[in-house]
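First the structure, in the form of structure tokens, and then the observations on it.
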Amino acid sequence: MTRQTEVPGSATPPPRRQLRNFVGGRFIEGGNPFDVFDPATGQVHATAYEASREMVDAAVQAARAAVHGEWGRMPLAKRRTLLMRVAERIEERFDEFLEAEIADTGKPHTLAHHLDIPRGAANFRVFADAIASLPTESFEMDTPDGGKAVNYAVRKPLGVVAVISPWNLPLLLMTWKVAPAMACGNAVIVKPSEETPSTTTLLGEVMNEVGIPAGVFNVVHGFGPDSAGEFLTSHPGVRAITFTGETRTGTAIMKAAAPTVKALSFELGGKNAALVFADADLDGAVAGLARAAFLNTGQVCLAPERIYVERSVFDQFVTGLKRKAETLKPGLPHDAGVDFGPLISDEHRRKVLDYYALAVAEGATVVTGGGIPALSGAAANGYFVEPTIWTGLPHDARVCREEVFGPCCAVIPFDTEEEAITLANDSEYGLAASIWTTNLSRAHRVAKAMEVGISWVNCWFLRDLRTPFGGAKMSGVGREGGEHSINFYSEPTNICIKL
Ligand code: NAD
Ligand code: 6OD
């Protein structure tokens, strides 16, 4: 947890972005200031203001008023038009969202440009569409007196929904939950990660610009325990919590939500497996899994940190993956050719480097990486680590069981399909798997056997936003995406009419 620091040195620092809490359609003064760092340089680039318990309460009251006011009464067609306008306005202010996301995360310009910001806009379009085409169920029944009755269900919003989001794909993951929640007619209060509050704050401006009624979208900044996160998740006026983050945080939120029986949707951690069979297109598997392991510096919940490779192609695969890892270019987000950014914070880098040391202690051969890259200029103070590949680790090593959330993977040989399935499933997590084979029957058989929420075959992180998304075991509760999101963010009320 980082509070505010003094700025050293005599040169006049550039003005810092001021990130205020957004409550009832207004950016409000007050709250304890805290620093937001640019991970590519280690410099503070913004000041955010931690919401007090009273501010969180004001946000809940504003959200409730919106649900019971103009927003709650708004015809669906108008609500959908407004959501489409949000998407358009994100695109009109694309460069501002892009620079804000880059400042908070240090990620390469090309990555944020192609993934984060377009998905922020797409999420609003997809759920504005999804809500339009939903059928209502109805049943005609015989009644005991020999007559008839009809039952039909109408969908209603839940009310006030808390959205708690992480730092790895800030705009993408926040809007992935805000868009369907709003499409269903709820009002939301977002608590973005304290590491990446900028794009969520910018979205508050967009909501006002396009005419979303005050109180429908609120932002409270701050931390988890004894701060805005806990104030929100324990507030009796919040009806549902949708959370993406660490499994351990999920358990704390579950406890906070229990006394007031809130609906929960959790997208949690993972220790994902990839399975490469000898019949795979090996060049395709190497390229696909290099992207999967190292995209966003490994800070993707779906990233494969365990790669099981059939023994006959093991050496060839490792050589190819090493070559790919060594072509990645770390550096400042806007520098030419840079495709590998920093980790999110100094604290996270210490955690990842501890795992790098643990891997060696547990018997790993370091195929490549394992340390901090030598960078000069402003990037020298950024939170960079090297992309890292290990072989020789026993399957039960801690680095093969615990989520590192960094650019690293253990590559482990297997001999039979059954063994590969057993190894992949031997995890307390169950988020995603990727399977690389040209045998269609095997692809289906193995994918179905994976104890996960999402299996990709000959691809990874290829997203159709209408499909169910979520984790099995300790990787989550519930599914979102398409009608699964609509089912979570609304509830059917049955009406029975005796004829
Ligand atoms: P985190 O759990 O530390 O924080 C996530 C959010 O929860 C932040 O906004 C944080 O302030 C808030 N928070 C922390 N403690 C809280 C508490 N007690 N009460 C309420 N709010 C609290 O996660 P992170 O470090 O930001 O993100 C990385 C983790 O997220 C990894 O484990 C990764 O696997 C997971 N993740 C999962 C998915 C998925 O779809 N399954 C997607 C992205 C990230
Ligand atoms: O693509 C998505 O909708 C999604 N939830 C991705 C999660 C990525 C995890 O880091």
Side-chain angles (χ1 to χ4, degrees), residues 1-2 34 48 50-51 56 105 115-116 119-120 122-123 126-127 162-177 179-180 190-197 200 219-235 238 241-257 265-272 292 295-303 305 343-345 347-348 351 402-406 429-432 452-454 460-482 484-485:
M1 183 181 298
T2 314
F34 64 94
E50 182 185 13
V56 171
T105 61
L115 176 66
D116 299 70
R119 256 300 294 277
N123 286 335
V126 163
F127 290 108
V163 178
I164 315 256
S165 50
W167 45 256
N168 60 326
L169 301 165
L171 181 72
L172 185 161
L173 290 172
M174 180 267 296
T175 53
W176 167 244
K177 289 166 174 292
V190 184
K191 210 296 285 166
S193 168
E194 56 273 34
E195 319 272 9
T196 54
T200 304
V219 181
V220 292
H221 292 301
F223 307 88
D226 199 27
S227 184
E230 185 183 315
F231 303 152
L232 191 55
T233 53
S234 57
H235 197 294
V238 169
I241 302 171
T242 178
F243 167 73
T244 304
E246 279 190 43
T247 298
R248 202 181 32 197
T249 311
T251 62
I253 291 177
M254 217 168 212
K255 280 188 197 149
S265 175
F266 282 178
E267 296 178 4
L268 306 176
K271 187 72 186 177
N272 309 298
L295 186 85
N296 208 35
T297 316
Q299 302 166 121
V300 178
C301 58
L302 311 158
E305 291 189 359
L343 294 171
I344 193 66
S345 65
E347 186 186 343
H348 189 50
K351 175 184 152 186
E402 298 173 14
E403 181 186 49
V404 180
F405 218 56
Y429 293 109
L431 186 54
V452 296
I454 311 132
W460 173 81
F461 202 180
L462 183 57
R463 296 282 289 117
D464 180 327
L465 305 186
R466 297 167 298 185
T467 58
F469 185 96
K473 300 194 259 187
M474 299 273 274
S475 289
V477 177
R479 294 288 178 273
E480 296 200 34
H484 305 277
S485 297

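Order of listing sets the numbers, starting from 1, for every ligand and every atom in it.
Inside a 4.0 Å radius of atom 4 (O) of ligand 1 there is not any protein heavy atom.
Residue-level proximity to ligand 2 for Leu173 is carried by the side chain, the only part with a heavy atom below 4.0 angstrom. When non-hydrogen atoms are compared, ligand 1 lies under 4.0 Å from neither the backbone nor the side chain of Arg248. Using a 4.0 Å cut-off between heavy atoms, Ala256 makes no contact with ligand 1 at all. Only the side chain of Leu431 comes within 4.0 Å of ligand 1, counting heavy atoms alone; its backbone N, CA, C and O stay farther away. Counting heavy atoms under 4.0 Å from ligand 2, residue Asn168 touches it through the side chain alone. Counting heavy atoms under 4.0 Å from ligand 1, residue Asn168 touches it through the side chain alone.
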Asn296 vs Thr105, side chain to side chain contact (heavy atoms under 4.5 Å, CB included): CA-CA, chis, key distance, verdict: CA-CA 9 Å; Asn296 208 35; Thr105 61; 5.9 Å; no
With side chain to side chain contact (heavy atoms under 4.5 Å, CB included) as the criterion, how do Ser475 and Val452 come out once you've worked through the C-alpha distance, each side chain's angles and the decisive distance to 0.1 Å? CA-CA 8 Å; Ser475 289; Val452 296; over 6 Å; no
Would Thr233 and Val238 count as a side chain to side chain contact (heavy atoms under 4.5 Å, CB included) here? Give the steps. CA-CA 7 Å; Thr233 53; Val238 169; over 6 Å; no
Side chain to side chain contact (heavy atoms under 4.5 Å, CB included), that's the test. Do Arg463 and Arg119 meet it? Break it down for me. CA-CA 10 Å; Arg463 296 282 289 117; Arg119 256 300 294 277; 4.1 Å; yes
Apply side-chain hydrogen bond (donor to acceptor under 3.5 Å, both in side chains) to the pair Ser227 and Glu194, showing each step before the final yes or no. CA-CA 11 Å; Ser227 184; Glu194 56 273 34; over 6 Å; no
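Those atoms of ligand 1 with a heavy atom of Leu173 less than 4.0 angstrom away are 42 (C), 43 (C). Within ligand 2, the atoms closer than 4.0 Å to a non-hydrogen atom of Phe469 are 4 (C), 5 (N), 6 (C), 7 (C), numbered from 1 in the order shown. Taking every heavy atom of Cys301 and a limit of under 4.0 angstrom, the matching atoms of ligand 1 come to 34 (O), 36 (N), 37 (C), 38 (C), 39 (C), 40 (O), 41 (N), 42 (C), 43 (C), 44 (C). Near Ile253, the atoms of ligand 1 lying under 4.0 angstrom from a non-hydrogen atom of the residue are 19 (N), 20 (C), 21 (N). Within ligand 1, the atoms closer than 4.0 Å to a non-hydrogen atom of Thr244 are 5 (C), 36 (N), 37 (C), 38 (C), 39 (C), 42 (C), 43 (C), 44 (C), numbered from 1 in the order shown. Within ligand 1, the atoms closer than 4.0 Å to a non-hydrogen atom of Gly269 are 32 (O), 34 (O), numbered from 1 in the order shown. The contact set between ligand 1 and Phe243, taken as ligand atoms under 4.0 Å from a residue heavy atom, comprises 2 (O), 5 (C), 6 (C), 7 (O). Listed by atom number, the atoms of ligand 2 under 4.0 Å from Leu169 heavy atoms are 8 (C), 10 (O). With ligand atoms numbered from 1 in the order given, ligand 1 contributes 8 (C), 9 (O), 10 (C), 11 (O) to contacts under 4.0 Å with heavy atoms of Lys191. Less than 4.0 angstrom separates some heavy atom of Ile164 from each of these atoms of ligand 1: 6 (C), 7 (O), 9 (O), 12 (C), 21 (N).
Side chain of Thr200 to backbone of Pro197: no donor-acceptor contact under 3.5 angstrom is found. Lys271 contributes no side-chain N or O that, together with a main-chain N or O of Glu305, makes up a donor-acceptor pair within less than 3.5 Å. With hydrogens and angles ignored, the 3.5 Å screen pairs a side-chain donor or acceptor of Asn123 with a backbone N or O of Leu172.
Residues Leu431 and Leu302 have side chains in contact (heavy-atom distance under 4.5 Å, counting atoms from C-beta outward). Side-chain contact between Ile454 and Phe469: present, with at least one pair of heavy atoms (C-beta onward) separated by less than 4.5 Å. Looking only at side-chain heavy atoms (C-beta outward), His348 and Glu195 stay at 4.5 Å or farther from each other. Contact check for Phe231 versus Val220: no side-chain heavy atoms found under the 4.5 Å cut-off. A heavy-atom distance below 4.5 Å is found between the side chains of Thr247 and Tyr429.
Considering backbone and side-chain atoms alike, Leu302 places every N or O at 3.5 Å or more from each N or O of ligand 2. Residue contacts with ligand 1: Trp167 is placed with a nitrogen or oxygen under 3.5 Å of a nitrogen or oxygen of the ligand (distance criterion only). Checking only distances, Glu403 does come within under 3.5 Å of ligand 1, N or O to N or O. Considering backbone and side-chain N/O of Thr249, one or more are found under 3.5 Å from N/O of ligand 1.
Counting only non-hydrogen atoms, the option in Ala432, Gly224, Ser165 that gets closest to atom 8 (C) of ligand 1 is Ser165. In this comparison of Pro225, Pro197, Pro166, Gly229, the heavy atom closest to atom 18 (N) of ligand 1 sits on Pro225.
By the 4.0 Å heavy-atom criterion, Gly471 is excluded from the residues contacting ligand 1. Contact analysis puts Glu267 in contact with ligand 2, with a non-hydrogen atom separation below 4.0 angstrom. Contact annotation: Ala228 has no heavy atom less than 4.0 Å from any atom of ligand 1. Glu480 does not count as a contact of ligand 2, since none of its heavy atoms falls under 4.0 Å from the ligand.
Here the straight-line distance linking atom CD of Glu230 with atom NE2 of His235 works out to 13.0 Å at 0.5 Å rounding.
Between Phe34 and Phe223, the ring planes lie tilted relative to each other; the angle falls in the 30° to 60° range.
Of all protein heavy atoms, the one closest to atom 35 (C) of ligand 1 is Gly245 O, 3.3 Å. Atom 9 (C) of ligand 2 has as its closest protein heavy atom Cys301 SG, 2.3 Å.
Around the NZ atom of Lys351, the shell of radius 6.0 Å holds more than 12 heavy atoms that belong to other residues, nucleotides or ligands.
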